There are 2 protein chains.
Amino acid sequence: MNTNESGGSGVIGATKTSFGIVEHLRDEGASGVSDVAIALGISKSTAHNHLQTLLRLGYVVQVDGEYALGLKFLDLGDHARTRHALYHASIGEMDDLVDAVGERGQVMVEENGRGVYIYQVKSEQGLQTDSHIGTTVDLHTTAVGKSYLAFCDEQHRNEILGDDLPQLTSKTIDDRAELDAELDAIRERGHAFNDEERITGMRAVGAPILSDDETILGSISVSGPTTRMKGEWYHSEVPEMVKQAARVIGIRATYS
Amino acid sequence: MNTNESGGSGVIGATKTSFGIVEHLRDEGASGVSDVAIALGISKSTAHNHLQTLLRLGYVVQVDGEYALGLKFLDLGDHARTRHALYHASIGEMDDLVDAVGERGQVMVEENGRGVYIYQVKSEQGLQTDSHIGTTVDLHTTAVGKSYLAFCDEQHRNEILGDDLPQLTSKTIDDRAELDAELDAIRERGHAFNDEERITGMRAVGAPILSDDETILGSISVSGPTTRMKGEWYHSEVPEMVKQAARVIGIRATYS
DNA sequence: GTGTTTTGTTCGGCAGTGCCGAACACATGT
DNA sequence: ACATGTGTTCGGCACTGCCGAACAAAACAC
């Protein structure tokens with residue numbers, strides 16, 4: 001009998017459990033054989049086999065007798081984001097934008113219906129970053145995400161936004177009609193706001209990155225605490241800076 | 001008969017080929033099924049199975065009908081380096097060091113006998129970075145690597161340095177006795193130089209990061225072209241700055 | 001336009017192998 | 001000394017990963 005109940009047809013079980021182990025090490029940190037076996041519901045010997053395999057391939061390392069993620073994943077991750085023209089195009093420009101605004105900035109692309117941060121610039125006043133490179137977010141809860149949704153084609157948008165919209169804070173837009181209205185406004189203005197819709201106390205301003213043929217590549221935003229992101233600064237000046245940076249990045253991304 | 005000739009005993013073949021495919025996508029970029037099958041020497045149907053599995057797990061994405069690395073690896077890579085106390089400890093300090101010196105800086109740890117860059121700060125004059133996050137280097141060809149070798153225990157050093165030392169440039173130290181002498185000097189001074197030993201035209205100054213119990217955690221360096229890295233500046237002033245930064249990082253790494 | 005090649009996909013079927021459980025060392029702590 | 005945890009090794013069964021062939025569907029030729 002197959003213990004890998006879900007997964008449908010044609011899914012290789014061994015690969016699935018190997019990556020399951022990898023994800024366990026990511027979420028729980030360094031672990032031992034027994035720990036992994038219990039967590040994944042597999043036998044100790046199987047867990048041992050997989051860990052030894054991953055060890056030999058160099059994707060897992062042994063530290064203090066426990067197994068942990070190896071740095072080979074760093075290289076893979078770097079290659080994954082290097083694929084995106086948006087990454088190269090935004091590097092210098094985002095740093096300038098963050099300097100000018102004084103708040104944290106990030107670059108997002110969409111993958112499998114979620115937003116993924118592929119670049120992040122911390123500001124001078126560097127506050128604790130809850131999100132890091134590789135973090136995924138619900139698109140409808142962020143300025144970057146809403147910028148993306150507003151400018152991607154409708155069919156794609158409908159695929160991404162499932163039946164219900166998770167509510168993360170009291171201000172999260174969890175109604176589809178309301179979201180559509182918001183997206184219309186964003187399309188109109190050319191930039192998006194996030195007013196504590198993902199994290200209470202945090203605001204952000206985002207804008208889409210469009211290539212010259214109007215297809216969307218991703219989006220950028222700057223974000224900071226409500227104490228600093230407010231007034232005319234937040235509502236007018238920052239949006240203009242973000243949009244200007246987005247335009248430059250869009251141009252750089254198409255010619256490269 | 002087993003087509004996975006190498007690998008020894010207890011190595012799960014399916015996992016090995018899955019990661020082989022991942023590495024192919026990393027090295028060759030987005031590829032199709034046939035391409036992968038030929039490159040790995042497996043049947044088309046097997047390649048198809050693996051790619052579908054990886055696709056469903058989210059580690060591979062489809063773009064223009066071809067398969068490419070997914071951004072899930074970004075997250076894994078980030079978690080892998082977050083494990084190292086050295087990463088957190090060096091973030092702010094390295095930025096300051098790079099500001100002061102005006103050349104690129106990097107943080108390295110050792111894994112499986114090679115040096116891996118886990119953090120890198122580009123300088124103002126930002127020149128093309130041949131190396132990026134996750135890059136691995138031969139330890140004896142870099143300032144960071146030699147700093148590490150000089151301060152790790154002898155047994156470990158002998159394991160790392162195999163029988164021969166690859167020569168990358170005409171100035172690479174490829175003789176073990178010569179290297180040992182160099183390491184003695186580094187231990188004496190507390191810092192290492194790299195004078196075009198990995199890349200012609202590039203120099204670097206490195207220093208080890210030691211925790212308070214004298215165990216080595218990794219090392220740091222700043223590097224730039226020979227045109228700027230020269231004279232008293234290169235031989236005395238920069239080393240002092242690097243060592244000072246290394247001391248601070250070492251202290252921060254132990255108390256965190 | 002037709003033919004040709006290369007692509008991705010689906011389909012049985014054999015054998016190889018991944019999986020388990022039990023038995024084994026080894027360390028840790030009571 | 002015992003008890004409980006750990007990681008490891010060992011057979012053996014049945015499942016499953018692998019192949020090759022047949023298929024579908026583009027891309028390319030001319």
Side-chain angles (χ1 to χ4, degrees), chain A residues 1-25 28-70 112, chain B residues 1-25 27-70 83 112:
Chain A
M1 196 180 302
N2 185 2
T3 53
N4 286 319
E5 52 208 41
S6 71
S9 66
V11 172
I12 297 170
T15 298
K16 189 182 172 184
T17 47
S18 271
F19 276 99
I21 290 174
V22 165
E23 288 175 9
H24 176 80
L25 296 181
E28 305 298 326
S31 319
V33 174
S34 306
D35 188 5
V36 168
I38 293 168
L40 296 224
I42 57 182
S43 72
K44 261 198 300 180
S45 51
T46 301
H48 180 243
N49 264 356
H50 279 275
L51 285 167
Q52 284 297 320
T53 303
L54 291 169
L55 188 65
R56 231 174 269 205
L57 295 177
Y59 288 99
V60 149
V61 292
Q62 245 172 334
V63 44
D64 303 333
E66 291 195 310
Y67 296 90
L69 289 186
N112 292 323
Chain B
M1 197 179 301
N2 185 2
T3 52
N4 286 318
E5 52 209 41
S6 72
S9 67
V11 171
I12 297 169
T15 298
K16 189 181 173 184
T17 47
S18 271
F19 276 99
I21 290 174
V22 166
E23 288 176 10
H24 176 80
L25 297 180
D27 298 335
E28 307 296 327
S31 320
V33 174
S34 307
D35 189 4
V36 169
I38 293 168
L40 294 227
I42 57 182
S43 73
K44 261 199 300 180
S45 51
T46 302
H48 178 73
N49 264 357
H50 279 274
L51 284 168
Q52 284 297 321
T53 303
L54 291 169
L55 188 65
R56 227 174 272 205
L57 294 176
Y59 288 99
V60 150
V61 293
Q62 245 171 334
V63 45
D64 303 331
E66 291 195 310
Y67 296 91
L69 289 186
R83 252 191 337 97
N112 292 325

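In what follows, every chain begins at residue 1, and chains take the letters A, B, ... in the order their sequences are listed. Quantities reported herein were computed from a predicted structural model and do not represent experimental measurements.
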Counterpart residues, ring-ring contact (aromatic ring centres under 6.0 Å, His included), relative to A/Y67 (two or more places apart): none
[X] has an atom [atom1]; how far is it from atom [atom2] of [N], in whole Å?
X     : N      : atom1 : atom2 : result
A/K16 : D/dG17 : NZ    : P     : 11 Å
A/I12 : C/dG16 : CD1   : C1'   : 15 Å
B/I42 : C/dG16 : CD1   : P     : 18 Å
A/L40 : C/dC19 : CG    : C1'   : 14 Å

Dot-bracket notation for DNA chain C, counting Watson-Crick and G-U pairs under 3.5 Å, with | for partners on another strand: ||..||.|||||||||||||||||.||||.
Distance (rounded to the nearest 0.5 Å) between A/H48 NE2 and A/T46 OG1: 11.0 Å
Audit row: A/V61, B/R83, side-chain contact (heavy atoms from CB on, under 4.5 Å) steps and yes/no: CA-CA 12 Å; A/V61 292; B/R83 252 191 337 97; 3.8 Å; yes
Short side-chain N/O contact to C/dC19 OP1/OP2 from A/T46, under 4.0 Å: no
Distance test, side-chain N/O of B/H50 to OP1/OP2 of D/dG17, below 4.0 Å: no
side-chain contact (heavy atoms from CB on, under 4.5 Å) assessment of B/L57 paired with B/T53: CA-CA 6 Å; B/L57 294 176; B/T53 303; 4.1 Å; yes
Sugar-phosphate or base contact per nucleotide [nucleotides 4-10 of chain C; S, B, -; heavy atom under 4.0 Å]: ---SBSB
A/N49 and A/Q52: CA distance, side-chain angles, deciding distance, side-chain contact (heavy atoms from CB on, under 4.5 Å) verdict: CA-CA 5 Å; A/N49 264 356; A/Q52 284 297 320; 5.7 Å; no
Minimum side-chain heavy-atom gap A/D35-A/H24 below 4.5 Å: yes
Heavy-atom donor-acceptor pair, A/T17 side chain to A/T15 backbone, under 3.5 Å: no
side-chain contact (heavy atoms from CB on, under 4.5 Å) assessment of A/V60 paired with A/L25: CA-CA 9 Å; A/V60 149; A/L25 296 181; 3.7 Å; yes
